[in-house]
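A quick write-up on the structure given underneath.
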Amino acid sequence: MFLYKLIENDELICALEWAKEHKDKEAVNAVLSGLFDFGRTYGFTGNLWKLYLTYLVCNDENAYSLSCEVKDPGEDSLSETAKIDFEKLKLLFEEDFSFIEDDEDKKAYGLTVSFACSNSHLHMLSHRVRDEIKALSDAIDKAKDASEIEKLVRGFYAHFGVGKIGLHRAFRMNESEIVPITNVSHVDFDELVGLDIQKKTLMDNTEAFLEGKPANNVLLYGDAGTGKSTSIKAMMNKYYEQGLRVVEIYKHQFKNLNDLIAQIKNRRYKFVIVMDDLSFEEQETEYKYLKAVIEGGLEKKPDNVLIYATSNRRHLVKETFKDKGAIMDDDIHKNDTVQEKLSLAYRFGVQIYFPSPEKKEYEKIILELGQRAGINLTDQELLAKANAWELRGSGRSGRSARQLIDNLSQ
């Protein structure tokens, strides 16, 4: 059965069964402590036991759940088999913890039934995901039988997805496995003052990708602090609801790119593999792994995967004057060397330039950010401080503008 391992091997469920059978106070404490940790970690409100069971079901990747995620199979052999599991789930949902005898434990259990936790913005799930799981938990609790539960869960998988990829928007590579990033930056495109052409180009390509239309890998290049990385974060937040997932990878992990793609290529989501601050020195050859994956290897890159990179260098790989023939060296095929270094950048069909702002544009950014932050200065006073901030060596960029406003907000 699909949920057999989940139900039979989960620590809290096993502790519950042991506590019921042996009237074991330590096992009771283990269950209650585990529920409190669960509620605090994920920020749920309500009956923690039922929410915990629902979370397990939403997070369990198996043949049934993955099949439902790709396409709602309707009533078939998979769903009929799953109903056997949901009979067990229904019994667990109906557990009333009446076996608890100690008065303090009874009081603690009472707190788990109507649990509430503050500082919800610090928790490991987004508000939307928590709301979806809470709604499913309430619906399962009201379901009259396993068939109705199966229909509810199947609908959740088909609409919302399953497992870590379904419940999170951003990931990083941990050796050869992707793991969720639980504390993501909640920025949007409105926070990037100006850059209208850059933002539109990025959004147009991403929307085409999400709609199944032809789309390109993207290189965002330009001066430091001009909004390249922030644009990627804003894109991640804007299109999460439409099925976009973002995986961050660093160049020392490029040898694991094929492992990464194998984990995501058959999922229903669209994935952007993000390579932030990408560049290579002459002696670094990791870019050859990247070239083979983007275009040129035997295996075709999946249709649900694109690569977005940010860099201060347009051509990514460091070039020297000797590459241009200005200095004599032993390289006979000079043009081949140059083309080898440029070929990586050519594999990004969309290249978006992020320049340092001109003075008028920089002043516009300063005034806009100052107004949003409620800085109590006149425009002239604020611009005078911006000029002094720039002369101190901060230069003109969106990042330095933000740093000035943060400094004035203290």
Side-chain angles (χ1 to χ4, degrees), residues 1-60 62 64-65 68 75 78-117 125 129-157 159-160 162-163 167:
M1 266 73 82
F2 306 117
L3 298 178
Y4 176 80
K5 290 183 179 179
L6 176 70
I7 294 174
E8 296 296 322
N9 297 334
D10 180 76
E11 289 185 6
L12 287 191
I13 295 176
C14 290
L16 172 72
E17 296 300 327
W18 181 268
K20 287 175 63 177
E21 182 178 354
H22 299 279
K23 308 297 182 184
D24 189 325
K25 182 175 174 59
E26 288 189 10
V28 171
N29 289 334
V31 174
L32 296 177
S33 297
L35 291 177
F36 282 125
D37 286 343
F38 166 74
R40 178 185 57 81
T41 301
Y42 295 101
F44 282 108
T45 298
N47 188 311
L48 290 183
W49 174 246
K50 295 175 181 179
L51 287 165
Y52 178 73
L53 294 173
T54 307
Y55 175 78
L56 292 181
V57 171
C58 294
N59 205 45
D60 190 51
N62 54 63
Y64 168 70
S65 61
C68 293
E75 298 287 341
L78 286 176
S79 64
E80 289 299 317
T81 305
K83 290 175 185 177
I84 301 172
D85 294 328
F86 292 127
E87 288 283 1
K88 297 180 180 179
L89 180 68
K90 182 172 174 56
L91 292 175
L92 288 169
F93 250 74
E94 294 170 351
E95 176 60 62
D96 61 4
F97 287 76
S98 59
F99 61 88
I100 296 178
E101 298 176 347
D102 183 85
D103 289 340
E104 289 186 0
D105 290 342
K106 287 181 180 180
K107 185 177 180 180
Y109 168 69
L111 295 175
T112 69
V113 174
S114 55
F115 184 80
C117 188
L125 291 176
V129 172
R130 287 202 302 272
D131 290 345
E132 292 280 352
I133 294 176
K134 177 74 164 59
L136 178 62
S137 181
D138 292 342
I140 291 174
D141 194 28
K142 297 174 183 176
K144 62 180 183 295
D145 55 29
S147 293
E148 188 173 339
I149 294 175
E150 191 277 330
K151 186 176 180 180
L152 289 167
V153 174
R154 173 159 43 95
F156 180 93
Y157 291 151
H159 174 71
F160 197 72
V162 60
L167 301 182

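Count residues from 1 along the sequence.
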query = Knowing that exactly one of Val162, Val153, Ile133 qualifies, which makes a side-chain contact (heavy atoms from CB on, under 4.5 Å) with Cys58?
reply = Ile133
inquiry  = To the closest 0.5 Å, what do you measure between CD1 (Ile140) and CG (Leu89)?
reply    = 5.5 Å
Residue pair Asn29 / Glu104, side-chain heavy-atom distance below 4.5 Å = no
ask   = So, for Val57 and Phe86, which heavy atoms are closest and what is the spacing to 0.1 Å?
value = CG1-CE2, 4.4 Å
query = Do the non-hydrogen side-chain atoms of Asp105 and Phe97 ever get within less than 4.5 Å of each other?
reply = no
inquiry  = Looking at Ser79, is its backbone amide N or carbonyl O close enough to the side chain of Arg154 to form a donor-acceptor pair, meaning the two atoms are under 3.5 Å apart?
reply    = no
inquiry  = For Asp102, run the salt bridge (Lys or Arg N to Asp or Glu O under 4.0 Å) check against Lys25, Lys107, Lys23 and tell me which one passes.
reply    = Lys25
query = Just wondering, do Tyr42 and Leu48 contact through their side chains at under 4.5 Å, heavy atoms?
reply = no
request  = Locate the shortest heavy-atom distance separating Ala116 from Thr45; write the atom from each residue and the value.
outcome  = CA-OG1, 4.2 Å
query = Do Phe44 and Phe38 have ring centroids that are under 6.0 Å from one another?
reply = yes
query = Got a salt bridge between Lys90 and Glu87, using NZ or NE/NH1/NH2 to carboxylate O under 4.0 Å?
reply = no
request  = Mind checking the SG-NE2 spacing from Cys68 to His159? Nearest 0.5 Å is all I need.
outcome  = 14.5 Å
ask   = Just wondering, do Phe93 and Ser137 contact through their side chains at under 4.5 Å, heavy atoms?
value = yes
key: Separation between CZ of Arg40 and CZ of Phe115, rounded to the nearest 0.5 Å   = 8.5 Å
ask   = Is the CD atom of Glu94 crowded by more than 12 outside heavy atoms at less than 6.0 Å?
value = yes
key: Distance-minimising heavy-atom pair for Ala143 and Leu152   = CB-CD1, 4.3 Å
Test side-chain contact (heavy atoms from CB on, under 4.5 Å) applied to Leu92 and Glu17, step by step = CA-CA 10 Å; Leu92 288 169; Glu17 296 300 327; 4.1 Å; yes
task = Please name the pair of heavy atoms, one in Asp60 and one in Tyr157, separated by the smallest distance, quoted to 0.1 Å.
result = O-OH, 4.4 Å
query = If you take all heavy atoms of Val28 and Ala19, which pair is closest and at what distance?
reply = CG2-CB, 3.8 Å
Verdict with supporting geometry, Ile13 and Leu56, side-chain contact (heavy atoms from CB on, under 4.5 Å) = CA-CA 11 Å; Ile13 295 176; Leu56 292 181; 4.1 Å; yes
ask   = Do Leu167 and Phe160 come close enough that some side-chain heavy atom pair is under 4.5 Å?
value = yes
inquiry  = Would you say that Trp18 contacts Glu26 through its side chain, given a criterion of any heavy-atom pair below 4.5 Å between the two side chains?
reply    = no
task = Measure from the side-chain N and O atoms of Trp49 to the backbone N and O of Asp96, and report whether any donor-acceptor pair falls under 3.5 Å.
result = no
request  = Working to the nearest 0.5 Å, report the span between CZ of Arg130 and CG of Leu51.
outcome  = 11.0 Å
request  = First locate atom NZ of Lys142, then atom CD of Glu148, and finally report the distance between them rounded to the nearest 0.5 Å.
outcome  = 11.0 Å
task = Please check if the side chain of Thr112 supplies one atom and the backbone of Tyr109 the other of a donor-acceptor pair under 3.5 Å.
result = yes
query = Distance from Asp141 atom CG to Leu136 atom CG, nearest 0.5 Å?
reply = 11.0 Å
inquiry  = With heavy-atom distances below 4.5 Å as the criterion, would you say the side chains of Tyr52 and Leu35 are in contact?
reply    = yes
remark   = Looking only at heavy atoms, the pair that brings Leu12 and Asp10 closest together is N-OD2, 3.1 Å
